[in-house]
Amino acid sequence: MAVNDLASATAPGMEVDPAVYKTLLESTLAIPWKIDWATMRFAYIGPQIEPLLGWSQESWISVEDWASRIHPDDREHVVNFCVSQSVAGKDHEADYRALTKDDGYVWIRDVVHVVRGEGGEVDSLVGFMFDISERKRIEHELIKMQKKLEALSFEDGLTGTSNRRHYDERLKAEWKGAQTGQHPLSLILLDIDHFKDYNDFYGHIQGDECLVRIANALKEIGIRPRDVVARCGGEEFVLLLPETNEAAAAVLAERCRAAIEGLHIRHERSSCSAFVTASVGVGTVIPPFDSDALHFCDAVDKLLYAAKQEGRNRVRSTISA
């Protein structure tokens with residue numbers, strides 16, 4: 001592989017000692033290369049390729065060697081893109097995972113320049129490979145951090161359930177989906193009975209511990225991936241249940257009530273039980289096309305209020321259609 005071929009391609013008309021080019025090209029971290037278009041064979045590739053990927057300089061003979069050393073998950077789209085851009089005579093860049101000789105991979109950015117002959121036909125491709133593994137690692141960490149921040153923005157800081165913001169967004173989406181598909185949507189509202197008295201008597205630290213235990217119990221009820229358990233107020237929780245009929249929602253609401261009472265958290269200031277309990281309202285609707293969720297939520301909230309008025313620690317349910 002002749003370095004002066006690459007030099008002539010990259011600097012036409014300049015009379016510079018090829019040894020100068022060789023020194024410059026082989027002293028940089030970027031890996032220079034040249035491919036002859038007619039034969040699709042490497043005219044040159046820098047010796048830096050071996051320390052980076054483990055493949056010897058002499059083993060890079062044709063574009064087949066380049067393609068076969070691209071990660072299988074990247075190979076097809078990268079090869080197709082580079083070929084199409086080269087045929088069109090367009091300079092281009094491609095990021096991909098290059099396989100190492102020891103079965104690992106390195107993230108590469110290939111910057112490609114199309115060299116044309118006097119008649120305008122493609123004569124060769126010249127370019128540089130750059131190791132961008134560290135950049136990709138940082139990008140990956142940033143994406144993970146962004147996802148974590150997004151998750152935290154939808155999470156109640158105390159209980160780990162969804163917060164009101166997440167619940168509102170999911171309610172809006174599930175309501176629209178239920179309207180379109182004309183399938184049932186259920187809602188369970190729970191309010192911890194006499195929780196202000198609990199906080200006043202036991203203190204806010206123990207009150208927070210109580211809420212955390214209740215949230216954990218609700219999350220273990222048997223929630224499906226699309227279901228939402230959210231804390232929507234100081235002591236109020238809500239369960240959003242897509243594609244859940246009235247009978248199933250009523251059963252789940254009773255399980256929630258029983259699970260909270262079953263924690264046996266002492267509550268000496270409660271007038272309805274020796275333990276912490278919850279009043280529950282549950283409703284189900286197949287949303288009409290000309291409605292929004294507000295009326296439905298108000299109806300379920302009235303059921304919760306009725307459960308409180310009837311003595312607390314109970315479930316109040318009715319059919320909405």
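The structure presented is a predicted model; accordingly, all values stated were derived computationally and were not measured.
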Is it the case that more than 12 heavy atoms not belonging to H295 sit under 6.0 Å from its NE2 atom?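 Check fails, neighbour count at 12 or below.
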Under the 3.5 angstrom rule, does the side chain of [X] hit a backbone N or O of [Y] as a donor-acceptor pair?
{"X": "Q57", "Y": "I45", "value": "yes"}
{"X": "D74", "Y": "Y96", "value": "no"}
{"X": "T180", "Y": "K176", "value": "yes"}
{"X": "R213", "Y": "N216", "value": "no"}
{"X": "N80", "Y": "E76", "value": "yes"}
{"X": "R109", "Y": "A94", "value": "no"}
{"X": "Q206", "Y": "G203", "value": "no"}

Going by atom types only, do [X] and [Y] share a side-chain donor-acceptor pair under 3.5 Å?
{"X": "D36", "Y": "S124", "value": "no"}
{"X": "E155", "Y": "N163", "value": "no"}
{"X": "T244", "Y": "R224", "value": "yes"}
{"X": "H267", "Y": "S273", "value": "no"}
{"X": "R97", "Y": "S133", "value": "no"}
{"X": "W55", "Y": "D65", "value": "no"}

Taking 4.0 angstrom as the limit, do [X] and [Y] come out as a salt bridge?
{"X": "D197", "Y": "R269", "answer": "no"}
{"X": "R164", "Y": "D168", "answer": "yes"}
{"X": "E174", "Y": "R226", "answer": "yes"}
{"X": "R257", "Y": "E261", "answer": "yes"}
{"X": "K172", "Y": "E169", "answer": "no"}
{"X": "R231", "Y": "E236", "answer": "no"}

[X]-[Y] co-clustered via ILVMFWY side chain contacts under 4.5 Å:
{"X": "I260", "Y": "V315", "result": "yes"}
{"X": "V276", "Y": "V229", "result": "yes"}
{"X": "I221", "Y": "V282", "result": "yes"}
{"X": "L304", "Y": "V251", "result": "no"}
{"X": "L189", "Y": "L211", "result": "no"}

Hey, could you give me each pair passing ring pair (Phe, Tyr, Trp, His ring centres under 6.0 Å) that has a residue in residues 201-242? Not counting sequence neighbours. Y198-Y202
Do you know which two heavy atoms are closest between G281 and V300, and how far apart they sit?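 Heavy atoms of G281 and V300 come nearest at O-CG1, 3.6 Å.
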Identified side chain to side chain contact (heavy atoms under 4.5 Å, CB included) partner of I70 from the options L99, V79, I108: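 That would be V79; it is the only one of L99, V79, I108 passing the side chain to side chain contact (heavy atoms under 4.5 Å, CB included) with I70.
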Determine, for F275 and R266, whether the Lys NZ or Arg CZ falls below 6.0 Å from the six-membered ring centre while staying within 45 degrees of the axis.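 Yes - R266 lies over the ring of F275, closer than 6.0 Å to its centre and within 45° of its axis.
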Ring centre gap for H92 and F81 strictly below 6.0 Å: yes
Check: H194 and S271 side chains under 4.5 Å, non-hydrogen atoms: yes
Measure the spacing between CH2 of W107 and NE2 of H140 and express it to the nearest 0.5 Å.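 If we round to the nearest 0.5 Å, W107:CH2 and H140:NE2 are 11.0 Å apart.
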As a quick check of understanding, evaluate side chain to side chain donor-acceptor pair (under 3.5 Å) for D191 and S279, giving each step before the final call. CA-CA 5 Å; D191 192 82; S279 299; over 6 Å; no
